[in-house]
Amino acid sequence: MLLTTSLLSLISATSAFNLPSPQRLFTNPSKEDSHAYSIPTVHESAVQARRILRLESIGTLSTVFPTTPHSTEQRPLDVSGAPIGLMDYFGDCEPSTGNPTILAITIATSFKNVDAGSNITLSLRWHPQDSQWRSPASLPRFSLVGRLEDLSPEDVTKNLVPACYIGYHKDAAWWLPGNRIHQSKWVRLVVEEVYWIGGFGDRAYIGWIPLEEWQSVTPEEIESISLPGEKKKGWGGWREWVGMGEAPEVFEL
Ligand SMILES: *[C@@H]1O[C@H](CO)[C@@H](O)[C@H](O)[C@H]1NC(C)=O
């Protein structure tokens with residue numbers, strides 16, 4: 001009885017929300033399968049991913065704990081080698097490269113793990129801006145595998161990095177490099193691999209996006225598409241800051 005009820009509700013959810021059959025939720029169909037949707041190409045998926053990088057600003061940094069605890073730290077020994085994913089800010093502040101910019105706080109676990117030799121990934125997902133309900137499993141998300149590299153003072157100036165970053169994160173003004181509270185520095189995640197889940201496997205590409213596809217996305221392509229539930233107007237992103245001419249007060253920190 002219970003089973004029947006849940007089956008019935010699954011069937012009605014499937015038709016109400018247009019869900020795929022369960023075996024297509026997380027895999028692409030094989031070539032021979034006929035399917036009703038045309039799946040975006042790998043390059044179209046790369047364009048979506050680059051637009052998500054442009055419009056989102058918070059993700060998860062995943063690193064691995066080193067064998068030896070950081071010198072200043074008390075921690076359980078058995079976390080050696082365990083992965084930890086922690087929320088962090090990023091900004092698309094070197095937009096011609098697709099390498100996200102991060103304000104790295106020296107004492108934060110993610111950056112201490114990297115200093116101790118860990119690899120790092122940034123995972124992000126698209127959050128629709130309208131109020132329509134969508135299955136979160138139907139929405140694009142991806143992970144950028146890469147390494148951290150310091151921005152030179154020239155990179156910071158040339159790309160107006162502080163204005164860009166504060167355009168995404170007003171509060172980050174409090175921990176810009178040179179502040180009196182935390183040691184911080186500008187880094188870029190140099191993207192080396194991209195793993196993409198565009199949504200349900202019967203209508204979205206799931207798999208690796210070659211680096212050339214990620215890097216070859218043009219600004220025009222990023223501007224030309226809309227993501228599910230995206231509101232085109234009222235983003236209020238960093239270009240508004242750049243347009244203001246005068247540096248905001250927060251630069252004084
Ligand atoms: C980092 O990843 C590389 C492969 O890209 C691997 O050879 C290396 O062992 C990894 N480092 C750590 C500390 O896990």
Side-chain heavy-atom pair Thr27, Ile206 within 4.5 angstrom cut-off
no

Run Trp126 and Leu55 through side-chain contact (heavy atoms from CB on, under 4.5 Å) and show every step you take.
CA-CA 9 Å; Trp126 171 242; Leu55 297 183; 3.9 Å; yes

Counting distance only, does the side-chain N/O of Thr63 pair as donor-acceptor with the main-chain N or O of Val114 below 3.5 Å?
no

Exactly one of Asp150, Thr101, Asp155, Asn99 clears side-chain hydrogen bond (donor to acceptor under 3.5 Å, both in side chains) with Arg188, and that residue is Asp155

Distance, nearest 0.5 Å, that separates CZ of Arg141 from OG of Ser123:
11.5 Å

dist Arg203:CZ -> Ser38:OG (nearest 0.5 Å) comes out at 11.5 Å

Taking Asn28 for the side chain and Gly201 for the main chain, is one N or O donor matched with an acceptor at less than 3.5 Å?
yes

How close do Gly91 and Tyr165 get, heavy atom to heavy atom, and via which atoms?
N-CE1, 3.7 Å

Step by step, would you call Phe90 with Leu124 a side-chain contact (heavy atoms from CB on, under 4.5 Å)?
CA-CA 10 Å; Phe90 67 87; Leu124 45 162; 3.5 Å; yes

Polar side-chain atom of Ser80 near backbone of Thr67 as donor-acceptor pair, under 3.5 Å:
yes

Any donor-acceptor pair under 3.5 Å from Gln129 side chain to Lys231 backbone:
yes

Interatomic distance, Ile197 atom CD1 to Tyr205 atom OH [nearest 0.5 angstrom]:
11.0 Å

What class does the angle between the rings of Trp175 and Tyr89 fall in, given that below 30° is parallel, 30 to 60° is tilted and above 60° is perpendicular?
tilted

Glu192 CD: over 12 foreign heavy atoms closer than 6.0 Å:
yes

Nearest 0.5 Å, what's the CD1-CG distance between Ile222 and Leu53?
8.0 Å

Are Val217 and Ile225 in one and the same hydrophobic cluster, where Ile, Leu, Val, Met, Phe, Trp and Tyr link if side-chain heavy atoms are under 4.5 Å apart?
yes

Would you say Trp208 and Leu122 are hydrophobically clustered, going by side-chain heavy atoms of ILVMFWY under 4.5 Å?
no

To check you understand the geometry: which heavy-atom pair defines the closest contact between Leu176 and Ser184, and what is its length?
C-OG, 3.3 Å

Within the side chain of Trp214, is there an N or O that forms a donor-acceptor pair under 3.5 Å with the backbone of Gly98?
yes

Smallest heavy-atom separation, Val42 atom then Pro210 atom, equals CG1-CD, 3.6 Å

Co-membership, hydrophobic cluster, residues Val191 and Leu148, 4.5 Å side-chain
yes

Closest non-hydrogen atoms of Pro100 and Leu144, given as atom of the first, atom of the second and distance, are CG-CD1, 3.9 Å

Are any non-hydrogen side-chain atoms of Asp92 and Tyr168 less than 4.5 angstrom apart?
yes

Counting C-beta onward and ignoring hydrogens, is there a side-chain heavy-atom pair between Asn119 and Val64 closer than 4.5 Å?
no

Could you check whether any side-chain N or O of Arg54 sits under 3.5 Å from a backbone N or O of Glu223, counting only pairs where one atom can act as donor and the other as acceptor?
no

Between Asn159 and Cys93 the two heavy atoms that sit nearest each other are CB-O, 3.5 Å

List the steps, then state whether side-chain contact (heavy atoms from CB on, under 4.5 Å) holds for Ser143 with Trp196.
CA-CA 7 Å; Ser143 287; Trp196 170 258; over 6 Å; no

Is there a path of hydrophobic side-chain contacts, each under 4.5 Å between heavy atoms of I, L, V, M, F, W or Y residues, that connects Ile39 with Leu139?
yes

Quick one: closest heavy-atom pair of Ser62 and Gly85, and the distance?
OG-CA, 3.9 Å

Please walk me through it: do Ile120 and Leu189 pass side-chain contact (heavy atoms from CB on, under 4.5 Å)?
CA-CA 9 Å; Ile120 186 165; Leu189 181 80; 3.7 Å; yes

Begin with the C-alpha distance, continue with both residues' side-chain angles, and end with the deciding distance and a verdict on salt bridge (charged side-chain N to carboxylate O under 4.0 Å, His left out) for Glu230 and Arg51.
CA-CA 11 Å; Glu230 179 184 339; Arg51 188 163 181 87; 2.4 Å; yes

How long is the span from the CG atom in Leu61 to the OG1 atom in Thr109, to the nearest 0.5 Å?
11.0 Å

Nearest 0.5 angstrom please: Trp186 CH2 to Glu149 CD, how far?
16.0 Å

Leu227 backbone acceptor or donor facing Gln48 side chain under 3.5 Å:
no

Ser216 versus His43: any side-chain heavy-atom pair under 4.5 Å?
yes

Got Thr121 and Glu193 here, is their nearest side-chain heavy-atom distance under 4.5 Å?
no

With clusters defined by side-chain heavy atoms of hydrophobic residues (ILVMFWY) lying less than 4.5 Å apart, directly or transitively, does Val190 cluster with Val194?
no

